[in-house]
A.B. asks: 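I have a structure I would like to understand better, so I am pasting it below and will then ask my questions one at a time.
All ligand and atom numbering here is 1-based and tracks the order in the structure. Treat the numbers as computed from the prediction; the structure is a model and nothing was measured.
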Amino acid sequence: MSASKRKKLLAGNWKMNIRLAEVEPFFTAFSDVLKAGQSDHVDILFAAPFTQLNATLAASRARGFAVGAQNMHFEASGAFTGEVSAAMLTDIGVRTTLVGHSERRQYFAESDEAVAKKTVTALANAITPVVCVGETLEERKSGATFQVVSRQLETVFKAVKNHGPLANREAFYPGDLTDSIVIAYEPVWAIGTGLSATLEQAQEVHGFIRKVCGDIFGAEFSFRLRILYGGSANLANIAGLLAQPDIDGGLVGGASLKPADFATMCNAAKR
Ligand code: 13P
């Protein structure tokens, strides 16, 4: 099996955007541009704000797209004002969530340990965690990129390893992801800045992530792992990114808010 056999995954991270009234028009416009049969080449995921999840599920499930949350708490229940549990997500049919997005780490003080606990809780609840890692500009400038990414990854992978085996899970709904875990490399300096990593910079870190994963879980698992790139991914750079051997898709912020642009990006994916 060659590396190109991993199916591409394009994930839109809507962040704190898209009002309820915009959801259905978004999917109409998106589906108008998405090529027929493109789901053979690419899985498509929308990470929506909590309050928009039901509407996003309703609009996307019939069309075969997956829906994810952007965050989740690691405890099962209790006095955690403002938080949402894994079971609350599965109650409404959400089977994927972002974990450890740099905006959560930066603005909400999420530690590597909290990200690891969330990952373990997601797996225990048959939710696919899309675990985000990436270095800041200062860290890149000081040559600490690999050190930072390996620290972030190893904290998560070791917690997962102690928790039990990683198994791919069954699909519950049309378009659902069945990956046990997905990793997203998002260099913080490239997020929302219009300054994407170069293809070489992105591929270099993706290859490194696959190696770190292989060291802990073995070559077979790391070969199957889908690793997404995020950070100013757009219409102009997506094809080049997807052509890299270890880049299996994108986690797209700003460009995913424009349905025609995001559909065009999905059209660029080839198996
Ligand atoms: P942008 O695509 O807007 O840079 O955001 C990337 C991101 O944070 C996706 O999670």
A.B. asks: Under the side-chain hydrogen bond (donor to acceptor under 3.5 Å, both in side chains) definition, can you give me all pairs with a residue in residues 71-95, not counting sequence neighbours?
C.D. replies: N71-K118
A.B. asks: State whether a side-chain donor-acceptor pair under 3.5 Å links W189 with E139.
C.D. replies: no
A.B. asks: Applying salt bridge (charged side-chain N to carboxylate O under 4.0 Å, His left out) as the test, list every pair that has at least one member in residues 45-68; sequence neighbours left out.
C.D. replies: E24-R63
A.B. asks: Identify, with sequence neighbours excluded, every residue that meets salt bridge (Lys or Arg N to Asp or Glu O under 4.0 Å) alongside K141.
C.D. replies: none
A.B. asks: Are any of the side-chain nitrogens in R210 or D248 under 4.0 Å away from the carboxylate oxygens of its partner?
C.D. replies: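 Judged by the 4.0 Å cut-off on N to carboxylate O distance, R210 and D248 do form a salt bridge.
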A.B. asks: Sort out the contact shell of ligand 1: every protein residue with a heavy-atom distance below 4.0 Å, listed by chain and number.
C.D. replies: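 Within 4.0 Å of ligand 1, protein side: N13, K15, H101, E186, A190, I191, G192, G231, S232, L251, V252, G253, G254.
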A.B. asks: F157 and F221: aromatic ring centres closer than 6.0 Å?
C.D. replies: no
